[in-house]
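Every chain is numbered from 1 and lettered A, B, ... according to where its sequence line falls, protein lines coming before strand lines. Atom set for the values below is all heavy atoms of this structure, side chains included, hydrogens, waters and symmetry mates excluded.
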There are 2 protein chains.
Amino acid sequence: MTDPTHPETAGTRLDPWFGAYAARAHGMRASEIRALFAVANRPEVVSLAGGMPYLEGLPLDVIAETMQRLILTKGTTALQYGSGQGEEVLREHITQVVALEGVEAHPDDVVVTTGSQQALDLVTRIFVDPGDVVLAEAPSYVGALGVFRSYQADVVHVPMDAHGLVPSELEAVLARLVTEGRRVKLLYTIPNFQNPAGVTLSVERRPQVLEICRRYGVLVVEDNPYGLLGFEGEPLPALRSYDDQGVLYLGSFSKTFAPGYRVGFVIAPHAVREKLVLASESSILSPSNASQLAVATYLETYDWRAQIKAYRELYRERRDALVGALAEHIPSATWNVPDGGFFVWVRLPEGLDARSMLPRAVTARVAYVPGTAFYYDGQGSDHMRLSFCFPTPERIREGVRRLATVVNAEAELVELFGTSAMPDPDTDDVESPAPDLA
Amino acid sequence: MTDPTHPETAGTRLDPWFGAYAARAHGMRASEIRALFAVANRPEVVSLAGGMPYLEGLPLDVIAETMQRLILTKGTTALQYGSGQGEEVLREHITQVVALEGVEAHPDDVVVTTGSQQALDLVTRIFVDPGDVVLAEAPSYVGALGVFRSYQADVVHVPMDAHGLVPSELEAVLARLVTEGRRVKLLYTIPNFQNPAGVTLSVERRPQVLEICRRYGVLVVEDNPYGLLGFEGEPLPALRSYDDQGVLYLGSFSKTFAPGYRVGFVIAPHAVREKLVLASESSILSPSNASQLAVATYLETYDWRAQIKAYRELYRERRDALVGALAEHIPSATWNVPDGGFFVWVRLPEGLDARSMLPRAVTARVAYVPGTAFYYDGQGSDHMRLSFCFPTPERIREGVRRLATVVNAEAELVELFGTSAMPDPDTDDVESPAPDLA
């Protein structure tokens, strides 16, 4: 106001309110990648970019009837405001779902959120002051990095290897940050079939990571959307199963059922849970009763365990299609073979830049997410994330064939000119998580 | 971390993470009123407290069939992630709804949110730095005050009279704040059937308020959940209908259709809209497609205008029941007679304190919201908000009879002892908007 920004007094022609934004909004710009993905969503493009689950396997007739019965029998509840913490009937079901990973929780410990993205937002909101440090795997989920940045946190990456987060590296990073006098608030980790790297934290390392965080007074945020989507054996015990006071467990029905209801949750120690409920009420009043009761009714009346099993088979077949096609068509790249989840993390041949290659890939009708999206600091241009969740195996193979043409053409350029890269990305951007990249 | 807070290193017995919260979370405590409302929700209590719409008038069979058909015919869209901005089909319908109040908007201008509460949260997030001033009517919506406080804003109240916000008072407050060098970011106003005061900003004052805000470079946030629920005549022109650059228009389907889907929206100038979408994606990825398509289908296939007309009749009858009962049973109080919406704002007889009276009222099986909830600064103890939206006319009359007994007993105490008041409320509390107070 002392700095008037209205069109008739100041501001810019493009944004009359330019001078009025909060500091936290300054970095909010749509990244150039987003514009590209608008093109990538066209049907002729094979998208290996998105994290959208494949929903055609769902029993739509059953869900349709469930919704109808729900409104007929519990309509005035389903259509009304609900509790800020979420409906108790759903919270009870949630405790049964997480029990599959060894989590013992009471319905009182659960807060239902608008997707687990909202849980991330609420946790960051109540814990992170500007300048606080959040630790995250290198690389990590683009949508989490966006949340941390929007609260003006400083993300410090911790290296992973084939067995997940490396405890000795975690310890070293923490020791250094202590020396520097930094306030480290959270360790954000995706222990199972990590997004984007596809790796899983080994059972041996789980208590080690927790012990280190406990020693340094760092709260662990365990983000676990893919834990039940492993291709072999039983789910591993969640970090929360070892420690109910030092871990916030974030879960979601987006990958195991359907994202369209936007139902996720967080399991938290009592006092933290209270603050999360207050923060959520301030943010949305209450999560959708219609959505919550739809999910609860699905869990109650349908064999959801069999559905998850069917998803596992489906995604395993697609993973096999993807890594098989990579071996056949792009043998010069390297990648991991994930045991579950949605993603393969591919290292490009020497000298190739995933970010500058993307426009050419989209022109060749295939899309992926460049590795830079998954780092806070501009790293990752030599990697790309390929997802195998949405396209059919045949489309996946076609996509990799197209990608191979692009990679080969880039490699020729590199051989001729030594590089194919664009200038570094503007790391001030909040690389906002386009919803279809979740 | 330099200040370790884990149970084994520090913290309190009740909350091991006590020392780890962000500054913005420090005031987040459940107010004492909330505990009381847990009791007030029992069926034997007549609640004149909640802002829940009366849903039994809805055509549940039609909605049930709509939901079934939606999943059968568009299931893989309804159950999938959607766009961060919201589904275009719904945004088109929204432009038709707001046209009833003279708002000319393009679907591109609309951002769909998880209830209009999320719109409030996003607007505050992108505009308000700690210490910035937000202007709000005195009194104002408890849930908005909670959002402003959670972003560490300083709310300055502007007086209203029977014709709404008083332009000369607005000008005087702004002039004073300029002199003090304060940054005023937003004017938050509910122009129609205001929550809690029930008054409506007159047509004459609408351009005056906008002109003052424009001159001082203050963005107007027009929160309009009740605009179509007027009991007489046509809806007044929205503030947004006068000015598409200086006003953010917040709307909701919670009062005119059903809150259980959590579908609200904000209409914003282009550049602001872009930031709102990015902030929303960071917060929830995308609003529920299932909810959005349910609302869009309802608007498309059902005579929603007739439903709103039915609501108007229903709520008018209840308002008449409430003000009639007040005149009969508590003539020593004073109140306004609202022309629409859900609320009557009652001034208690001299010396009575609405906040300290509440436990006795709940014991007498009637509940209301004390006026203090609607001020940032502890004012309002002489007022209470009575809502007429949810109970039947008969229950409303019974509630007022019970309330009269309590008021009369209090008045006797006052006559004997000069006061019935408790100590002042702790104004550091975020009086979080319990969902049923919306």
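- Proximity to chain A is limited to the side chain of B/Leu58, based on heavy atoms less than 4.5 angstrom apart.
- Within the 4.5 angstrom heavy-atom criterion, only backbone atoms of B/Thr124 (N, CA, C, O) approach chain A.
- For chain A, the option among B/Gln118, B/Glu274, B/Lys275 with the highest count of heavy-atom pairs below 4.5 Å is B/Lys275.
- Remark: the backbone N or O of A/Phe127 is not paired with any side-chain donor or acceptor of B/Trp17 at under 3.5 angstrom.
- To the nearest 0.5 Å, atom CD of residue B/Gln68 and atom CG of residue A/Leu60 are 12.0 Å apart.
- For chain A, the nearby parts of B/Arg125 are the backbone and the side chain; heavy atoms of each come within less than 4.5 Å.
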inquiry  = For a side-chain contact (heavy atoms from CB on, under 4.5 Å) check, start with the C-alpha distance between B/Ser286 and A/Arg262, then their side-chain angles and the critical distance, and finish with the verdict.
reply    = CA-CA 8 Å; B/Ser286 60; A/Arg262 310 304 300 117; 3.9 Å; yes
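- For A/Arg183 against B/Tyr21, the heavy-atom pair with the smallest separation is NH2-O, 4.4 Å.
- Note that CD1 of A/Ile63 is 11.5 Å distant from CE of B/Met67, once rounded to the nearest 0.5 Å.
- In plain terms, the two heavy atoms of A/Val128 and B/Arg24 that are nearest each other are O-NH1, 2.8 Å.
- Using modelled atom types, no side-chain atom of B/Glu56 and backbone atom of A/Thr76 make a donor-acceptor pair closer than 3.5 Å.
- Proximity to chain A involves both the backbone and the side chain of B/Asp129, based on heavy atoms less than 4.5 angstrom apart.
- In this structure, the portion of B/Pro287 lying under 4.5 Å from any heavy atom of chain A is its backbone and not its side chain.
- Nearest approach of B/Ser288 to A/Ser291, heavy atoms of both residues: OG-OG, 4.0 Å.
- Contact of B/Phe148 with chain A is not made at all, since no heavy-atom distance falls under 4.5 Å.
- Counting heavy-atom pairs closer than 4.5 Å to chain A, the top-ranked of the candidates B/Pro130, B/Gly75, B/Pro53 is B/Pro53.
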request  = For the pair B/Ile284 and A/Asp121, evaluate side-chain contact (heavy atoms from CB on, under 4.5 Å) and give the outcome as yes or no after the intermediate values.
outcome  = CA-CA 8 Å; B/Ile284 60 161; A/Asp121 183 72; over 6 Å; no
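- Contacts between B/Gln80 and chain A at a heavy-atom distance below 4.5 Å involve backbone atoms as well as side-chain atoms.
- Contacts of B/Ala78 with chain A are made by backbone atoms alone, with heavy-atom separations under 4.5 Å and no side-chain atom involved.
- No other option in B/Ala294, B/Gly115, B/Ala23 has as many heavy-atom pairs under 4.5 Å with chain A as B/Ala23.
- Among B/Ile126, B/Leu79, B/Thr114, the residue with the largest count of heavy-atom pairs under 4.5 Å with chain A is B/Leu79.
- The candidate from B/Leu72, B/Asp61, B/Leu219 with the greatest count of non-hydrogen atom pairs under 4.5 Å with chain A is B/Leu219.
- The contact between A/Phe390 and chain B is made entirely by side chain atoms (from C-beta outward), counting heavy-atom distances below 4.5 Å.
- Pairing each heavy atom of B/Ser282 with each of A/Ser150, the nearest pair is OG-OG, 3.6 Å.
- In terms of heavy-atom pairs under 4.5 Å with chain B, the best-connected choice from A/Asp132, A/Asn289, A/Leu55 is A/Leu55.
- Ranked by heavy-atom pairs shorter than 4.5 Å toward chain B, the options A/Pro259, A/Ala258, A/Ala25 are led by A/Pro259.
- Residues satisfying the side chain to side chain donor-acceptor pair (under 3.5 Å) criterion with A/Ser252, sequence neighbours excluded, are A/Ser254.
- Both the backbone and the side chain of B/Val272 come within contact range of chain A, judged by heavy atoms closer than 4.5 Å.
- By the 6.0 Å contact criterion, CD on A/Gln152 is enclosed, its count of non-hydrogen atoms from other residues, nucleotides or ligands being greater than 12.
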